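The next block holds one structure in the form of structure tokens; read it before the comments.
Both ligands and their constituent atoms are indexed starting at 1 by order of listing. The analysis underlying the following values was restricted to heavy atoms, covering all of them including side chains, and did not include hydrogens, waters or symmetry mates. These figures come from a predicted structure and were not determined experimentally.
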Amino acid sequence: QPIDALTEEQAASEAADLRPQILKWGQQYYDADAPVVEDDVYDRVYARLVALETVFPAIITPDSPTQRVGGSTRGDLPKVTHEIPMLSLGDVFSIAELKEFDERLRSNVEDDFDYNCELKIDGLAISLRYENGKFVQGSTRGNGQIGEDITANLKTIKSIPQTLSRPLTIDVRGECYMPKAAFLALNERREAAGQAPFANPRNAAAGSLRQLDTQVTADRQLATFMYNIADYEPLTTRTQSGLLDELAELGFTTNATYQVAHNMADVAAYIDQYQGKRGDLPYGIDGIVIKANSLPLQRSIGATVKVPRWAIAYKFPPEEVETVVRDIEWT
Ligand SMILES: NC(=O)c1cnc(OC2CCCC2)nc1N
């Protein structure tokens with residue numbers, strides 16, 4: 001309950017329960033075989049401990065995770081500052097809300113414009129830096145400004161090109177994910193070895209990317225779909241749909257299911273087309289993303305602190321796990 005409703009000893013007792021949990025999750029972070037608890041769970045519990053100790057400084061213990069130099073991050077992967085922040089996405093959960101997003105955006109934009117519709121891959125966002133066409137660094141989104149350097153692990157992923165077809169200096173963003181079949185095979189191996197299975201493919205991908213042992217990452221069959229670029233100037237295209245084609249020409253793997261939509265009726269048709277097909281896809285999706293298709297328009301509309309005004313994610317209701325297992329083609 002709210003911290004200011006607690007007595008000091010209640011706060012001390014709650015903090016005493018949280019510290020070992022946070023330390024254990026921190027240690028699991030590098031255990032090659034322990035599933036990594038979801039980032040947001042870790043961050044929420046860590047923030048609660050910080051809040052308790054801030055309101056009641058007397059309960060702080062020298063061994064509290066909050067007193068470590070590393071602070072909230074669970075490990076000491078080197079940090080990377082994103083020159084251009086990695087944005088996340090606002091969410092809507094109904095067609096009605098989607099229409100509100102469209103109306104609000106069109107009220108602020110003079111001319112008519114198209115959307116690009118994309119499947120929302122359920123993985124984790126990564127940024128790939130290329131200098132003169134060579135892959136030099138890869139990182140997680142982190143808080144959008146500062147992520148973790150996972151270059152070595154990303155180099156083990158076959159779909160990430162080491163050299164581009166043109167000597168460009170660019171930051172390309174996309175999703176790293178674990179295909180459903182790889183996820184099921186991994187969990188079978190883990191259960192056969194008496195280890196806890198990963199909760200879902202996204203969690204498995206996150207845990208696999210943060211390994212200090214790159215051989216572990218290499219064995220996890222991770223994949224990527226790239227979908228964004230920090231600065232589009234070096235490219236020829238000026239649309240989101242064209243960007244996906246140009247990224248493919250450069251050597252990246254992109255998801256071919258995108259469609260340009262002229263209006264919300266087209267968007268609704270795209271949603272209907274894919275909402276029912278989640279079970280047939282070889283990767284997890286948790287919705288669709290619609291983006292203003294013009295890249296200059298995206299730039300002029302801009303973003304709020306964390307999310308673009310020119311894009312929104314439409315989230316599907318959570319999928320029960322058994323459908324993931326049942327619907328897979330057991331070839
Ligand atoms: N999970 C996805 O598949 C996905 C995520 N994000 C984006 O776009 C970013 C680019 C800038 C704001 C959102 N597109 C996607 N397809």
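- Using a 4.0 angstrom heavy-atom cutoff, Leu119 counts as in contact with ligand 1.
- By the 30° and 60° cut-offs, the orientation of the rings of Trp25 relative to Tyr42 is tilted.
- Counting only heavy atoms of the protein, atom 9 (C) of ligand 1 lies nearest to Tyr227 CE1, 4.0 Å.
- The cationic atom of Arg106 (NZ for Lys, CZ for Arg) lies less than 6.0 Å from the six-membered ring centre of Phe113 and within 45° of the ring axis.
- Listed by chain and number, the hydrophobic cluster partners of Tyr258 are Tyr227, Leu244, where partners are ILVMFWY side chains within reach of under 4.5 Å, directly or through others.
- Between Glu118 and ligand 1, at least one N/O pair is under 3.5 Å apart.
- Taking only nitrogen or oxygen atoms, main chain and side chain alike, Trp310 does not reach within less than 3.5 Å of ligand 1.
- Nearest to atom 11 (C) of ligand 1 among the protein's heavy atoms is Asn228 ND2, 3.7 Å.
- At least one heavy atom of Lys291 sits under 4.0 Å from some atom of ligand 1.
- Sorted by first and then second residue, the ring-ring contact (aromatic ring centres under 6.0 Å, His included) pairs with a member in residues 236-257 read Tyr130-Phe252; sequence neighbours excluded.
- Taking the six-membered ring where the residue is Trp, the centroids of Phe183 and Phe198 are separated by 6.0 Å or more.
- Polar contact check, Ile121 against ligand 1: a nitrogen or oxygen pair lies under 3.5 Å apart.
- Within 6.0 Å of the CD atom in Glu83, the count of heavy atoms belonging to other residues, nucleotides or ligands does not exceed 12.
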